[in-house]
Amino acid sequence: MFARFLTGKMAVVTGSNSGIGLGVAVELAKAGADIVLNSFTDSPEDHALAKSLAAEHGVTARYIRADMSKAEECRALIETAGRCDILVNNAGIQHVAPIPEFPVEKWDAIIAINLNSAFHTTAIALPMMRAAGWGRVINIASAHGLTASPFKSAYVAAKHGIVGLTKVTALETATDPITCNAICPGYVLTPIVEKQIPDQMKTHGMSREEVIAKVMLQRQPSGQFATVEQMGGTAVYLCSAAADQVTGTTISVDGGWTAL
Ligand code: NAD
């Protein structure tokens with residue numbers, strides 16, 4: 001149904017050298033889109049990832065280093081890409097602690113990377129999309145953009161914030177051939193989740209298996225992690241003509257979490 005309909009479109013995916021960002025980039029490349037991968041590192045592996053994506057899917061792919069915690073680097077990422085038909089705001093970090101002990105620098109970093117970066121990239125990308133006559137902004141929010149959990153104050157605040165930014169972006173582009181939506185994943189077993197497990201074990205006094213079953217997947221009625229391929233497939237759908245009138249909304253891919 002979606003075979004290579006994105007040929008000639010340029011997709012910029014922030015935070016895409018691992019996890020959901022990479023999964024989304026792969027599915028967009030399979031649909032024919034040229035890709036800009038990004039993270040804050042600049043290793044040979046980062047550039048090799050872009051090279052193999054291009055070779056495997058017959059698209060062009062570049063890796064551009066930019067630190068999404070810095071406003072000017074967010075803006076420079078889109079300017080350096082030179083074109084941005086599909087913007088996927090995905091970069092994100094997490095920290096788990098009760099509010100009184102939550103480190104101020106972690107709060108600031110989470111708000112900068114998980115929320116502010118999307119404002120900066122969108123600000124530069126929208127004029128490019130208007131000039132090109134087509135565009136898609138896809139914000140990777142979270143089930144935590146719609147619900148809350150204890151010990152995740154900054155993350156929940158940032159994700160609720162990006163859902164709000166999604167709605168404003170959709171309203172400001174409503175009469176343009178541009179849409180903006182948020183994908184709200186439940187738990188997906190990526191490095192960001194792996195890194196939470198030791199903190200959650202400490203906070204809840206549980207084993208790894210107990211944290212996965214009783215803290216993480218307990219919220220997900222399907223009892224299964226969602227996958228990066230499912231996030232990528234949802235992004236491809238949002239880029240399709242079937243989604244031309246889908247804007248300003250959230251799409252949950254969470255095994256029923258937010259239905260509870
Ligand atoms: P991940 O840790 O694999 O990916 C995060 C990506 O962001 C990495 O590529 C990392 O290099 C990049 N990144 C981190 N700091 C950066 C910075 N300063 N500048 C540029 N890039 C930076 O985790 P993931 O699970 O793939 O997370 C991707 C997004 O999905 C995040 O926004 C996260 O909040 C969201 N999400 C994940 C889950 C889940 O269960 N995994 C659930 C809901 C939402």
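Just so we're clear, the structure is a prediction, and the values are computed from it rather than from any experiment. Both counts, for ligands and for their atoms, begin at 1 and track the order of listing.
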Subject >> Backbone or side-chain N or O of Lys195 under 3.5 Å from ligand 1 N or O >> reply: no
Subject >> Min side-chain heavy-atom separation Gln94-Val193 under 4.5 Å >> reply: no
Subject >> Candidates Asp244, Asp176, Asp85 - the one meeting salt bridge (Lys or Arg N to Asp or Glu O under 4.0 Å) with Arg136 >> reply: Asp244
**OP:** Could you tell me whether Val193 and ligand 1 have an N or O pair separated by under 3.5 Å?
**Re:** no
Original post:
Is Ser117 touching ligand 1 with its side chain, its backbone, both, or neither, if touching means heavy atoms under 4.0 Å apart?
Top reply: neither
**OP:** Check whether the side chains of Ser149 and Arg219 place a donor and an acceptor atom closer than 3.5 Å, and report yes or no.
**Re:** yes
Original post:
For atom 9 (O) of ligand 1, which candidate among Val188, Leu77, Asn17 holds the nearest heavy atom?
Top reply: Asn17
Original post:
Any N or O of Met68 that comes nearer than 3.5 Å to an N or O of ligand 1?
Top reply: yes
Original post:
What residue and atom, counting heavy atoms only, is the protein's closest point to atom 6 (C) of ligand 1, and at what distance?
Top reply: Gly15 O, 3.3 Å
Original post:
So, Thr121 versus Asn89: side-chain donor-acceptor pair below 3.5 Å or not?
Top reply: yes
Original post:
Contact between Phe225 and ligand 1, counting heavy atoms under 4.0 Å?
Top reply: no
**OP:** Could you tell me whether Asn90 and ligand 1 have an N or O pair separated by under 3.5 Å?
**Re:** yes
Original post:
Does Thr190, backbone or side chain, put an N or O under 3.5 Å from an N or O of ligand 1?
Top reply: yes
